[in-house]
Amino acid sequence: MIESVDRGIALRMRADLDDMHDLGEFQQGSVMQQASCLASAKQIQHTRMLVACIAVAFAGCQLPKSPSTSGILGGAQPVAASARPQASANPSGFGSSNDFVVEAGHAVGVSQQPSDAAGARTSHASSGTIAAAATTAESLQDASSVATYKPQTDLAASPLPYTQTPTLPTYDPATIRGQSPTYPAPNRYGQPAAPAGSLPPPNYSSPNVGQPPVSPSYVPYSSNPPQPYTLPSPSDNYGSTLAPGASQYPSAGSDMLAPGVAPYIDPSVGITAPAGTAYQPRERVAPIDVYVQEARTGRVILGGSVNSDLGVAGQLIIDERNFNIRRLPRSWDDLWSGRAFRGGGQNFRAELMPGSQVERYTVSWTERNLLGFLPYSLSVGGFLYTRQFRDWTEQRLGGRMALGYEVTKDLSVSGELRMEDVKIFDPRVSGVEDLDSALGSNDIYTARFRVARDTRDSPFMSSEGSLLELVFDQVFGEYDYSRGGVNYSRYYMLRERPDGTGRHVLACTWRLGFTGSQTPIFENYFAGGYSTMRGFSFRGASPVVNDVQVGGEFLALGSLEYVFPLTADDMLRGVAFVDYGTVEEQIEINSENFRIAPGLGLRVTVPALGPAPLAFDFAYPINNADTDDRQVFSFFMGFTR
């Protein structure tokens with residue numbers, strides 16, 4: 001019975017080992033599964049010992065009683081269970097080659113001689129049975145200790161198992177150590193490498209074709225260095241382009257990524273950047289549909305003005321900002337429909353201003369881009385100007401041509417050539433040499449160079465910015481002299497409401513000019529009036545000779561003005577100002593002729609009357625020359641439609 005039990009246990013143990021081999025448990029080198037196998041072997045050992053003791057005890061109870069048998073001392077020879085290794089046909093080398101078959105001998109303590117008395121049994125049978133059971137248990141323990149499983153592979157070098165264990169082919173134990181010429185060692189992914197020539201070489205030309213799967217285990221940096229990362233093309237679905245100053249490639253040190261760290265990819269915008277690098281902005285360019293409706297480029301302006309300097313005057317202006325001088329009319333329909341002289345992007349302006357004291361008629365044509373593409377502007381114009389002054393009447397007929405270049409949006413330079421015929425007639429007083437020598441026709445040719453920088457927010461009611469003009473004239477013809485001037489205006493916004501209205505503005509203005517000694521009387525500097533120095537009549541703050549305002553060769557004027565709102569809608573504004581300066585016959589400053597006139601004023605803005613506000617100023621001179629003509633009140637009113 002013991003022999004049959006032992007053989008059953010041995011067969012069960014071998015079946016368990018074979019099952020483990022078929023599942024590839026030992027080939028994967030799982031430490032947990034090997035520990036489980038050892039625990040099962042220990043459990044089998046204890047079970048065998050217990051069964052053997054029960055079997056021997058049961059057999060001892062049925063032994064024949066014989067006086068010649070006295071247990072194990074009376075000739076009964078215990079036969080220990082033999083344990084011998086049995087070669088296995090399993091070539092895997094894991095456990096199956098060292099499987100043990102335990103064979104138990106005959107029952108211990110059983111006499112092989114016939115007994116004289118069949119029913120004679122001695123009490124020594126019990127002790128012999130116990131001794132035989134102990135001997136048998138000791139022999140079985142020695143045999144089971146030999147059956148302990150010892151793996152033949154290095155567990156530390158075995159990779160972690162996959163969730164799904166592949167079935168490996170049968171090969172000799174040397175394959176595990178990579179020493180078999182037929183089957184090479186398994187690769188780093190735990191898969192056996194195929195024999196040479198059995199499979200075609202992998203094709204890495206297309207992504208993920210023929211490439212081994214990524215191992216989930218950590219691979220040291222030295223054995224698997226990261227490959228340099230390349231940014232994708234800068235174009236995406238939006239046609240993105242690199243922002244100015246942004247680099248398409250990662251900066252230095254961006255390839256020092258930790259093993260297994262992939263570059264960061266933002267799927268929302270399609271921007272790819274290596275992990276650990278600085279942010280590299282891109283411009284996203286999207287198509288935008290712009291619908292343009294051409295506005296009116298031509299306009300006719302009707303207006304008029306009344307002021308203390310020029311009297312009463314009317315105004316008619318024809319302005320076309322898309323003029324084409326080469327688009328001649330082909331029929332009356334082209335002329336009346338407006339197709340003639342249109343479409344060239346040129347400016348055309350004609351002005352007619354008849355008045356009680358001033359008459360002005362001008363026409364001008366401007367090409368903003370010379371030859372259609374050069375960054376130069378060309379302007380050609382003609383004028384007829386008549387003005388009745390206090391001491392004579394003056395008429396100017398001439399033309400001008402100017403070439404300009406816009407350096408920046410605020411800075412421009414220009415050169416101008418002006419040719420005019422100046423007639424002086426109807427003198428009020430005779431006997432003044434400067435006036436008498438200028439009577440009649442005078443041909444004047446002037447070459448002017450001008451540099452201007454204008455950052456004002458409005459030409460009429462400026463609140464911020466500045467205007468700087470540098471002008472130099474060279475006059476030749478009947479008179480030969482040089483002339484220069486500097487005009488500077490600066491506007492400071494002191495405060496405003498949160499909505500941008502109610503601005504408090506401080507304005508500073510300076511004018512400086514000089515001219516040569518051969519300058520005729522009609523080209524001298526004059527001061528006085530609304531546009532130069534308030535508190536004096538027009539040209540009333542100028543040098544006088546024999547009651548004739550002859551002007552001077554030097555001018556220095558300044559003004560400090562503070563504008564503040566009086567109503568919430570900015571329709572009414574108050575002005576506090578002080579005008580100061582002088583005009584001298586020679587290039588000098590005489591304190592006796594220095595004028596100072598503080599005052600207050602009012603500005604009324606009526607949008608229906610045009611952009612220029614109505615102006616009313618009261619100024620009282622506190623310092624002036626004896627020959628000056630003072631005028632406390634000055635005004636300007638105008639409208640345009």
Which atom pair, heavy atoms only, marks the closest approach of [X] to [Y]?
X	Y	answer
G551	E585	O-CG, 3.9 Å
D391	L435	O-CD2, 4.3 Å
V583	A527	CG2-CB, 3.5 Å
Y530	S308	CB-OG, 4.1 Å
R483	Y525	NH2-CE2, 3.4 Å
Q549	F538	OE1-O, 4.2 Å

Within the 4.5 Å heavy-atom criterion, are [X] and [Y] side-chain neighbours or not?
X	Y	answer
I444	V475	yes
I325	W365	yes
Y488	C508	no
R511	V486	no
D319	F348	no
L468	N487	no
Q346	E320	no
I589	F554	yes

Quiz item: Got a sec, which residues hit side-chain contact (heavy atoms from CB on, under 4.5 Å) with S531, two or more places apart in sequence or on another chain?
Solution: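 Result, side-chain contact (heavy atoms from CB on, under 4.5 Å) vs S531: D309.
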Quiz item: Does M493 CE have over 12 foreign heavy atoms under 6.0 Å away?
Solution: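 Atom CE in M493 is packed in, count exceeds 12.
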Self-check item: Exceeds 12 heavy-atom contacts within 6.0 angstrom, atom CD of E496
Solution: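 For E496, atom CD is crowded (more than 12 foreign heavy atoms under 6.0 Å).
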Quiz item: R603 and D617: side-chain contact (heavy atoms from CB on, under 4.5 Å), yes or no, with the steps?
Solution: CA-CA 9 Å; R603 302 290 182 268; D617 294 329; 2.7 Å; yes
Distance, nearest 0.5 Å, that separates [atom1] of [X] from [atom2] of [Y]:
X	Y	atom1	atom2	result
D436	I521	CG	CD1	9.0 Å
Q357	R390	CD	CZ	13.0 Å
R321	N347	CZ	CG	8.0 Å
S364	R349	OG	CZ	7.0 Å
S305	M637	OG	CE	9.5 Å
D454	L467	CG	CG	5.0 Å

Practice problem: For residues 586-641, pull every pair meeting ring pair (Phe, Tyr, Trp, His ring centres under 6.0 Å), keeping only residues two or more places apart or in separate chains. | Solution: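 Counting only pairs at least two positions apart or across chains, the ring pair (Phe, Tyr, Trp, His ring centres under 6.0 Å) contacts touching residues 586-641 are F618-F633, F633-F635.
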Quiz item: So T297 and R342, side chain to side chain donor-acceptor pair (under 3.5 Å) or not? Walk me through it.
Solution: CA-CA 9 Å; T297 59; R342 299 282 296 276; 3.3 Å; yes
Practice problem: Under the ring-ring contact (aromatic ring centres under 6.0 Å, His included) rule, collect the residues that match up with F341, sequence neighbours excluded. | Solution: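 F323.
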[X] side chain to [Y] backbone, donor-acceptor under 3.5 Å:
X	Y	result
T519	T515	no
N324	G345	no
T455	S466	yes
R428	V548	no

Quiz item: When you measure from the centre of the six-membered ring of Y492, is the NZ or CZ of R490 under 6.0 Å away and within 45° of the axis?
Solution: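 So R490 does make the cation-pi contact.
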Quiz item: Could you go step by step and tell me if L378 and T366 meet the side-chain contact (heavy atoms from CB on, under 4.5 Å) rule?
Solution: CA-CA 6 Å; L378 177 65; T366 302; over 6 Å; no
Practice problem: Indicate the ring-plane relationship of W392 and F389, choosing parallel, tilted or perpendicular according to the 30° and 60° boundaries. | Solution: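 Tilted: the ring planes of W392 and F389 meet at 30° to 60°.
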Self-check item: Full working for side chain to side chain donor-acceptor pair (under 3.5 Å) between Q474 and S482
Solution: CA-CA 5 Å; Q474 179 60 48; S482 299; 2.6 Å; yes
Practice problem: Given side-chain contact (heavy atoms from CB on, under 4.5 Å), test F536 with N624 step by step and report yes or no. | Solution: CA-CA 10 Å; F536 301 89; N624 59 282; 3.7 Å; yes
Quiz item: Which residue pairs pass the salt bridge (charged side-chain N to carboxylate O under 4.0 Å, His left out) test when at least one of the two sits in residues 376-388, sequence neighbours left out?
Solution: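 Of all non-adjacent pairs touching residues 376-388, none passes salt bridge (charged side-chain N to carboxylate O under 4.0 Å, His left out).
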Quick one: side chains of residues 415-427, donor-acceptor pairs under 3.5 Å with protein atoms, not counting sequence neighbours, listed by atom name and distance.
{"residue": "E416", "atom": "OE2", "partner": "R400", "partner atom": "NE", "Å": "3.2"}
{"residue": "R418", "atom": "NE", "partner": "E420", "partner atom": "OE2", "Å": "3.0"}
{"residue": "E420", "atom": "OE1", "partner": "R396", "partner atom": "NH1", "Å": "3.2"}
{"residue": "E420", "atom": "OE2", "partner": "R396", "partner atom": "NH1", "Å": "3.4"}
{"residue": "D421", "atom": "OD1", "partner": "S441", "partner atom": "OG", "Å": "2.4"}
{"residue": "D421", "atom": "OD2", "partner": "S441", "partner atom": "OG", "Å": "3.3"}

Exercise. Test I301 against every option in L316, T640, I318 by the side-chain contact (heavy atoms from CB on, under 4.5 Å) rule and name the one that passes.
Key: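 Filter result, single survivor: T640.
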Self-check item: Result of checking N593, N623, L555 against T582 for side-chain contact (heavy atoms from CB on, under 4.5 Å)
Solution: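 The side-chain contact (heavy atoms from CB on, under 4.5 Å) with T582 is passed solely by N593 among N593, N623, L555.
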Quiz item: After noting the C-alpha distance and the side-chain angles of Y376 and N369, does the key distance pass the side chain to side chain donor-acceptor pair (under 3.5 Å) rule?
Solution: CA-CA 5 Å; Y376 300 96; N369 294 100; over 6 Å; no
Exercise. May I ask you to say whether R339 pairs ionically with D333, meaning some side-chain N is under 4.0 Å from a carboxylate O?
Key: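 Yes, R339 and D333 are salt-bridged.
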Practice problem: May I ask you to decide whether R534 forms a salt bridge with E561, counting only side-chain N to carboxylate O separations under 4.0 Å? | Solution: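 Here R534 pairs with E561 in a salt bridge, since their nearest N and O are under 4.0 Å apart.
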Exercise. Give the C-alpha distance, both sets of side-chain angles, the deciding distance and a yes or no for side-chain contact (heavy atoms from CB on, under 4.5 Å) between Y481 and E523.
Key: CA-CA 11 Å; Y481 61 93; E523 288 291 317; 3.4 Å; yes
Self-check item: Audit row: R497, D570, salt bridge (Lys or Arg N to Asp or Glu O under 4.0 Å) steps and yes/no
Solution: CA-CA 11 Å; R497 301 190 187 103; D570 291 342; 3.7 Å; yes
Kindly list each side-chain donor-acceptor pair under 3.5 angstrom involving residues 402-410, sequence neighbours excluded, with atom names and distances?
{"residue": "T408", "atom": "OG1", "partner": "D410", "partner atom": "N", "Å": "3.4"}
{"residue": "T408", "atom": "OG1", "partner": "L411", "partner atom": "N", "Å": "3.1"}

Quiz item: Among R456, R503, H504, whose side-chain hydrogen bond (donor to acceptor under 3.5 Å, both in side chains) with S463 holds?
Solution: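 With S463 as partner, R456, R503, H504 yield a single side-chain hydrogen bond (donor to acceptor under 3.5 Å, both in side chains), made by R503.
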